[in-house]
Amino acid sequence: MQKKVIFRGRLLPLALLAPQLAVTFVFFFWPAGQAIYQSLLREDAFGFSREFVGLENFHEVLADPNWVNAALNTLVFSSCVAGLALSLALFLAVQADKSLRGATMYRSLLIWPYAVAPAVAAVLWLFLFQPQIGLIGKGLNAIGIPWDYRLNGTHAMILVIIAAAWKQLAYNFIFFLAGLQSIPASVLEAAAIDGARPARRFWTVVFPLLSPTTFFLLVVNLTYAFFETFGIIHALTNGGPAKATETLIYKVYVDGVENLNLGQSAAQSVILMIIVIGLTAIQFRAIEKKVHY
Amino acid sequence: MRRRHLAAGALALASLIGTGPGALAQQQPVEIQFWHGLNQPLGGMLEQLATDFNGTQSQYKVVPSFRGGYAETVVAAIAAFRSNTAPHIVQMFEVGTGTMMSAGRAIKPLHELIAETGVAIDTRDFIGPVAGYYAAADGKLMAMPFNSSTAIAFYNKDMFQRAGLDPNSFPATWEGVEQAARKLKAAGIACPMTTAWPSWLMVEQLLAIHDVPLATRANGFEGLDTQLNLTNPVLTKHLTNLVNWQKEGLFRYAGRDTAGDPLFPAGECAITFASSGLRARITREARFEWGAAMLPYYEGTSPRNSIIGGAALWTMNRGPNARRSPEELKGVAEFFRYISSPAVMAKWHQDTGYVPVTRSAYEATKAAGFYQRNPGADVPIEQMLRGGEPTANSRGIRLGGFIEIRNIIQEEMERAFQGQVTPEQALASANTRGNQVLRNFERTNRNN
């Protein structure tokens, strides 16, 4: 039986919804509307002169090879971060799920990185990979690999991917672990009795049963890679060298905040908004159907 | 807990109303907000100046606050202006000069400030290359020159000795530097030379010294309708050399802005090209003998003066429709007078390695025998006064959106260092992209 609350009037439900609606309006719709408005204007930095230019900003952004470059970077960056963070977290969660000695300790340690601020995470990785002072950076150079992320774009990309994935690992780990623990032991025991080896049990029983968690994490990780990695990129590479690690969100910052080109920066954020709305819609409609709930 | 806070707040409010605004103004000095972009140790020295000024009188209180690097400070000040909370004084690096000059009523030009407040600041005391950089087309000063630097070379004398080079003479030409770098490398030094501020040092200074325009219309001094001139033979030759030297292991690209700075005092690189303001840090950190020298030039040219870098102090209005009170302007002017007084400016110059922006400070430093005791400390100013009056190409650079253009130049240089493109392609691309920025700036600023 379902519990259903039925309101008599309209006033009370509206009043109850109002705070949430207000928050959504003030923090989502209003800024989004501002961005759309700004994207149709051309303005000097101090805001003295503005000119309505229609879709010109969009034309210029889409024709800009640097924007295309940023889009490709974002594609590489987000898929690598999501892939790496998900697969490693799953591996670690499966290991932590086994009854090991000191499992609690191991789990708590793995959760730590989530509490580290992006800038701090970036500095930690800097201390490891800096070619002159970093432990690993120095080591790589010593064994003959000319590691220098300040000049080599591929190295820079690898570095930001590792740092961003590491930061997200803990979050994924917690969810995977919870997912694993909610799989009933009876199903696994039944599979074992049928003669399925551990690897087969994992791929045919555990993995499909985990798919809701995996799907949820995939969405969260992609959003993370798109929007929340600004701090790491800013602290590690500033989008360089030569724009090798400039993602779409970073380019919005560079054009708007550094170059004070507000119109084009707003146009880029509008495009970004459209991409994200599209992505989310596709993810929820198409992929969700195949997810085993 | 919350109740107690509320009560305390109410009490404070009551006392505020009780005393009234008139009484407050008498008790408290006028606060002058001063945003700067200098990190340590220079930032501390700058804040000390404000503290000293506050100690000399009780009418005004200058409140310095650090806003990140120069670029961040510019952005913060502009954003604050748009929301009516701009600081009274903002320290703006030389690259932002073009943007600020076109900022119309956002700024209070220095000459107006002096005329309106009647505070005695002798603008003729500023040395030529500095005053010229911050003067409007009619020659009137727009900003208060303060921490002007220029770029020079620093070299490790111990390493020069080890490589069999004369530690007391630094090569005057790039050809000589190349030879020296080769010897340093042969002596087992992993990083013979590097640079800070790649665009400022290896593009802007290089062109000024060789008397080649960076852009048309006198590097932008004569108008917004200017075009870049980055594909010139001198710059092409130099970038080609740098790329080749990097491949050969003679030159190390260390990153943008100040990223190259630590390599020299840490004893990694034998030669660095950097801001003269790096002197303070080298003096403090270097554990070896070092020397300072003028920037090299290519054989067959008679070198001109180098241009300035560093920053100046701009007086800002609070917001688009909010002007400053005469009292506040007076406070700003008094602070400016204090920092440009010979003794204070001379001390600032001697402590930091920035050039003395006034003649009187230069003379005072000379008379005190500072240059005898600190050989090489006069290299920056000598280099800035080299070759007589600055030409149209060595007066400075005044391009709108130059912060972005400089980033574009550095990006394209990085592409060349990575081997993605040839030096010619990099410069051509920087030229095209930079011109686009100039056109955008011209378009949005033509009505101001």
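No experiment lies behind these values; they were computed from the predicted model shown.
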pair B:R415-A:K243: side-chain heavy atoms closer than 4.5 Å: yes
Closest heavy-atom pair, B:T444 versus A:D44, reported as atoms and distance to 0.1 Å, is O-CB, 3.8 Å
Within this structure, what is the CG-CD distance for the pair A:N238 and B:Q410, rounded to the nearest 0.5 Å? 11.0 Å
Residue by residue, which of residues 192-203 of chain B have a heavy atom closer than 4.5 Å to a heavy atom belonging to chain A? none
If you count heavy-atom pairs within less than 4.5 Å of chain B, which of A:R150, A:R42, A:R50, A:E43 leads? A:R42
Are there more than 12 heavy atoms of other residues, nucleotides or ligands under 6.0 Å from atom CZ of A:F227? yes
Contact part of B:L263 toward chain A, heavy-atom cut-off under 4.5 Å: side chain, backbone, both or neither? side chain
Atom pair CG (A:N259) and CZ (B:F441), whose distance is rounded to the nearest 0.5 Å: 12.5 Å
What part of B:A106 is in contact with chain A, defined as an atom under 4.5 angstrom from a non-hydrogen atom: side chain, backbone, both or neither? both
Taking atom CZ as the centre, does A:F29 end up with more than 12 heavy-atom neighbours from other residues, nucleotides or ligands that are less than 6.0 angstrom away? no
Is it the side chain or the backbone of B:E412 that comes within 4.5 Å of chain A heavy atoms, both, or neither? neither
Find the distance between CG (A:D255) and CD (B:E404) and round it off to the nearest 0.5 Å. 6.5 Å
Please classify the contact of B:R252 with chain A as side chain, backbone, both or neither, using a heavy-atom distance under 4.5 Å. side chain
Name the region of B:R433, side chain, backbone, both or neither, that has any atom closer than 4.5 Å to a heavy atom of chain A. side chain
Determine yes or no for a side-chain-to-main-chain donor-acceptor pair under 3.5 angstrom, with B:R82 supplying the side chain and A:A45 the backbone. yes
Side chain B:Q418, main chain A:L151, donor-acceptor under 3.5 Å: yes
So what's closer than 4.5 Å to chain B heavy atoms on A:L262: side chain, backbone, both or neither? side chain
Quick one: what part of A:N261 sits under 4.5 Å from any heavy atom of chain B, side chain, backbone, both or neither? side chain
In residues 56-66 of chain A, which residues are in contact with chain B at a heavy-atom separation under 4.5 Å? A:E56, A:N66
If you draw a 6.0 Å radius around CG in A:L11, do more than 12 non-hydrogen atoms from other residues or ligands fall strictly inside? no
Atom CG of A:L72 with >12 non-hydrogen neighbours under 6.0 angstrom: yes
Determine the minimum heavy-atom distance between B:M316 and A:F46, stating which atoms define it. CE-CE2, 4.2 Å
